[in-house]
Structure formats: structure tokens, C-alpha cells
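Letters go in sequence order (proteins before strands), and every chain restarts at 1.
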There are 2 protein chains.
Amino acid sequence: MGRWEPDARGRLLHAALDLFADQGYEATTAAQIAAHAGLTKTTLFRHFADKREILFQGQPALVSVVASGVASAPEEATATELLRAGVRALCEWHVPEQQEIGRRIRPLVDLSPELQERTAFKRSVLAAALVEALHERRVERRAAAALSDVGIRAYYDGFAAWTDARRDEPLWDVVSEELIAIEVALRSALGAPQRLGQDAATR
Amino acid sequence: MGRWEPDARGRLLHAALDLFADQGYEATTAAQIAAHAGLTKTTLFRHFADKREILFQGQPALVSVVASGVASAPEEATATELLRAGVRALCEWHVPEQQEIGRRIRPLVDLSPELQERTAFKRSVLAAALVEALHERRVERRAAAALSDVGIRAYYDGFAAWTDARRDEPLWDVVSEELIAIEVALRSALGAPQRLGQDAATR
DNA sequence: GTCTATACAATGATAGAC
DNA sequence: GTCTATCATTGTATAGAC
């Protein structure tokens with residue numbers, strides 16, 4: 001044991017979640033968060049580049065997770081199989097504790113444009129990493145880009161559904177279903193043109 | 001004529017572009033920009049919510065542009081036709097002058113995480129608006145979401161190609177080609193599974 | 001190697017005068 | 001619509017403490 005309480009980052013995260021829930025994101029100052037974690041503002045900014053990053057800690061790792069997920073797929077994998085491998089790796093990186101954290105973060109993001117901005121940025125960085133990974137496995141550029149959008153959407157929408165669900169279903173189960181559903185919907189929308197407003201299932 | 005030079009927003013934009021090109025985005029203060037436009041910092045922030053927004057002025061309009069583009073498509077339009085109508089409306093909203101402005105903004109964004117963040121946010125807001133518009137035209141939720149991603153990607157990538165090109169081709173021509181190319185690539189990737197690493201065109 | 005104290009520049013908000 | 005002035009907060013930089 002060192003001279004300081006351990007896990008400064010974790011304490012800052014929980015202090016932030018508590019204070020944000022009480023006062024809202026904007027009304028809470030960095031100094032307040034630091035104080036609640038038994039630290040000073042200076043130390044907070046030694047651990048996190050900015051106030052928002054407290055809530056997104058760990059996410060930088062996702063870029064390499066998705067990359068190695070795709071890279072380690074079987075040699076003979078098709079483009080959609082490579083996509084599944086990448087998205088699956090993302091899902092398996094998450095530990096059950098993040099279900100609870102995600103549940104607490106969501107309403108904060110919904111109320112704060114600043115947090116929405118950071119979310120959108122992280123998503124775009126992750127999507128770009130997935131495009132690169134697919135392209136390196138010889139998926140053509142445009143296909144890689146479009147498939148990446150599909151996979152990232154399944155991941156985010158699936159993650160939201162997962163944090164909402166009380167059951168402790170694995171994240172990948174939820175996202176995998178979402179991914180398949182999107183692929184089906186897209187194939188049908190892009191395929192033989194169908195008139196809308198009719199129930200396609202009845203034909 | 002009033003007491004002030006007209007078009008404060010336009011003057012601020014060009015002052016910002018000049019100073020950013022010289023000193024970089026971060027090294028340029030809001031006060032400097034305001035001074036170069038013959039204004040004060042206070043007035044700058046009356047016109048723009050923050051420093052970044054100087055470069056993105058006008059873009060809030062795109063949300064309603066894409067919505068009415070989709071809404072005013074023919075009754076019998078298919079999902080992909082609705083998508084094209086929305087993206088086309090976006091393209092036709094842009095005036096040729098924005099080709100030059102886009103050319104000057106891009107390198108700034110490439111160097112500034114802060115601007116990348118704002119870009120990603122605008123993109124996500126636009127994509128969400130497109131999803132809503134498609135859904136209101138009875139495109140199923142997941143198909144609307146995935147098609148929106150395709151359309152927004154075509155729009156952004158096409159816009160980048162358009163600003164790079166010296167020719168004065170209409171933006172929609174560039175984006176339309178991109179959109180079709182993505183649809184083709186995606187249909188092929190999602191369709192009959194194909195092994196990679198072979199040239200599909202030679203079969 | 002992590003924490004703290006202090007000082008500092010810049011953003012962005014606010015109140016009141018012209 | 002613009003200006004002056006003041007202000008809290010973010011985030012940085014530096015120096016040193018344990």
C-alpha cells in the first residue's frame with residue numbers, strides 16, 4: 001500500500017456521477033468533484049484531460065480492441081464476418097459493472113450538449129478505426145466504411161438496450177441480434193425496390 | 001444604413017479563417033478575431049455561442065433542409081429514393097462559395113481535436129434528423145437508421161471530394177455518384193457472401 | 001511517481017450604458 | 001447591436017512536498 005488511497009480515477013468517476021446526478025453536469029465544477037474524491041483540482045486534471053473525460057475513461061482502449069478483433073478473425077472470413085469479429089471484440093471488452101455506469105451516464109448525456117459532443121466524437125473515432133481494420137483485411141474502402149457504420153450503430157444501439165435491460169444477458173447477445181436485424185433491414189431496403197406502406201411479410 | 005458595418009457574422013468568419021490559417025486555431029484568441037472584424041469579444045459571443053461555431057455558421061439550417069427534402073419526395077418513393085431526396089436537398093442548399101470556405105476549413109479541423117469534436121456532433125445531429133424524416137415516411141426504424149448512415153457518409157465524403165476538386169461541378173453530382181457507389185459496395189458485401197482477395201469483376 | 005500550492009491565460013456569461 | 005467591465009470556471013504550467 002502506498003501513501004495515498006488507491007484508484008484515484010475510480011473515485012473521481014463515482015464522485016462525478018454522484019454530483020452530476022444531484023446538480024447536473026454543468027452546475028458541477030471540477031473543484032467540487034476533486035474535493036469529493038479527496039483530491040484537488042490540479043490532481044483531477046493530472047488524471048483526465050478535461051471534465052468530460054472523467055465519464056469516458058477507458059474508452060480510448062476500444063480503438064485497439066476493435067482493431068485486433070478484426071485482425072485476428074480467420075483468414076477466410078467474409079466482410080460481414082470480419083465486421084462481426086470487430087464488434088464482438090468491442091462487446092466482450094465490457095465488464096458487467098459498465099451496465100450500471102452506462103445507466104447513470106445516459107441521462108447526463110441526454111441533457112448536456114457538451115457530453116453529446118464528446119460521445120459523437122468517440123463514436124466517429126471508433127468508426128474510423130473499424131474502417132481501417134476492415135480495409136487492412138482487404139475489404140474495399142467504400143464497403144468497409146458502410147459496414148463500419150452498420151457495426152458501430154449496432155454496438156451503440158445494442159449497448160443502450162443492454163444498459164436498459166435489468167437481466168444480465170451478455171452484451172454481445174444483444175448487439176449481435178441488433179447487428180443481424182440491421183443487416184436484414186438494409187438488405188431489404190437496398191435490394192429489390194419495394195413499395196412502402198405494405199406489410200412485406202404478407203406477400 | 002445603421003451605425004455599424006453590416007454582416008458581422010461574415011466578417012467574423014473571414015477574420016477567423018485568416019487568423020487560424022496564420023496562427024492555428026488554438027493559438028488564436030476570440031478577442032483577436034473580434035478585433036480583426038472591428039468588434040469586441042462580447043459582440044463576437046453575441047453572434048456565436050462559442051469560438052468553434054464561427055466556422056460552422058449556417059449548418060443548423062441543414063437539419064430542416066434534410067427533413068423537408070425527404071418530406072417533399074413523391075408519395076410512391078421507395079426508401080432509397082427518399083434517402084436520395086434528403087441528401088440531394090442537403091447538396092442543393094450549398095452555394096458555390098462554400099467550396100472555397102470548405103477548402104480553408106478542412107486543414108484546420110484536421111489539426112484540431114476541438115473542431116473534430118464539433119464536426120462529429122453536427123454530423124450526428126444531421127444523421128438523427130435524417131433517420132426521423134425517413135421514419136416519418138414509413139421507413140422501418142432500423143432501415144431508416146442504416147440508410148441514414150449511408151446517406152450522411154456519401155454527403156460528407158462527397159463534400160470533401162467536391163471542395164478538393166477545382167472544377168465547378170455541382171455538389172450533388174459528386175455526392176450522387178458517391179451514394180450510388182456505396183450502395184453498390186454495400187449490396188455486394190451484404191448479399192451473397194463472397195470470399196475476399198479475388199477480383200470480383202473477373203468472374 | 002503521485003500529489004499539492006499557486007499563478008495564469010482564455011472562454012464564455014452577465015449587467016448596464018449608448 | 002455594440003461597448004465596457006467584471007466575473008466564475010476551465011485547463012495549463014511550474015515548482016515543490018511526501
Requested in this report: Kindly indicate whether a cation-pi arrangement holds for A/Lys51 with A/Phe45, taking the cut-offs as under 6.0 Å to the six-membered ring centre and within 45° of the axis.
Outcome: no

Query raised in the report: If you draw the axis of the six-membered ring of B/Tyr156, does the NZ or CZ of B/Lys122 fall within 45° of it and under 6.0 Å from the ring centre?
Result: no

Think [X] has a side-chain N or O under 4.0 angstrom from the OP1 or OP2 of [N]?
X       : N     : result
A/His47 : C/dC3 : yes
A/Thr42 : C/dA5 : no
A/Thr43 : C/dT4 : yes

With a 3.5 Å cut-off and sequence neighbours excluded, list the donor-acceptor pairs that the side chains of residues 129-136 of chain A form with protein atoms.
from     : atom 1 : to       : atom 2 : distance (Å)
A/Glu132 : OE2    : A/Arg141 : NH1    : 3.4
A/Glu132 : OE2    : A/Arg141 : NH2    : 3.4
A/His135 : ND1    : A/Val139 : O      : 3.0

Whole Å only: how far is the [atom1] atom of [X] from the [atom2] atom of [N]?
X       : N      : atom1 : atom2 : result
A/Phe48 : D/dT12 : CZ    : P     : 14 Å
A/Arg46 : C/dA5  : CZ    : C1'   : 14 Å
A/Leu44 : C/dA5  : CG    : C1'   : 16 Å
A/Leu39 : D/dG11 : CG    : P     : 17 Å
A/Ile54 : D/dG11 : CD1   : C1'   : 12 Å
A/Glu53 : D/dG11 : CD    : P     : 11 Å

Are any protein N/O atoms closer than 3.5 Å to N/O atoms in nucleotides 8-10 of chain D? If there are, list each pair with its distance.
from   : atom 1 : to      : atom 2 : distance (Å)
D/dT10 : OP1    : A/Ala30 : N      : 2.9
D/dT10 : OP2    : A/Ala30 : N      : 3.4

For [Y], does its backbone N or O pair with a side-chain atom of [X] as donor and acceptor, under 3.5 Å?
X        : Y        : result
A/Glu140 : A/Ala143 : yes
A/Thr119 : A/Leu115 : yes
B/Arg88  : B/Ser176 : no

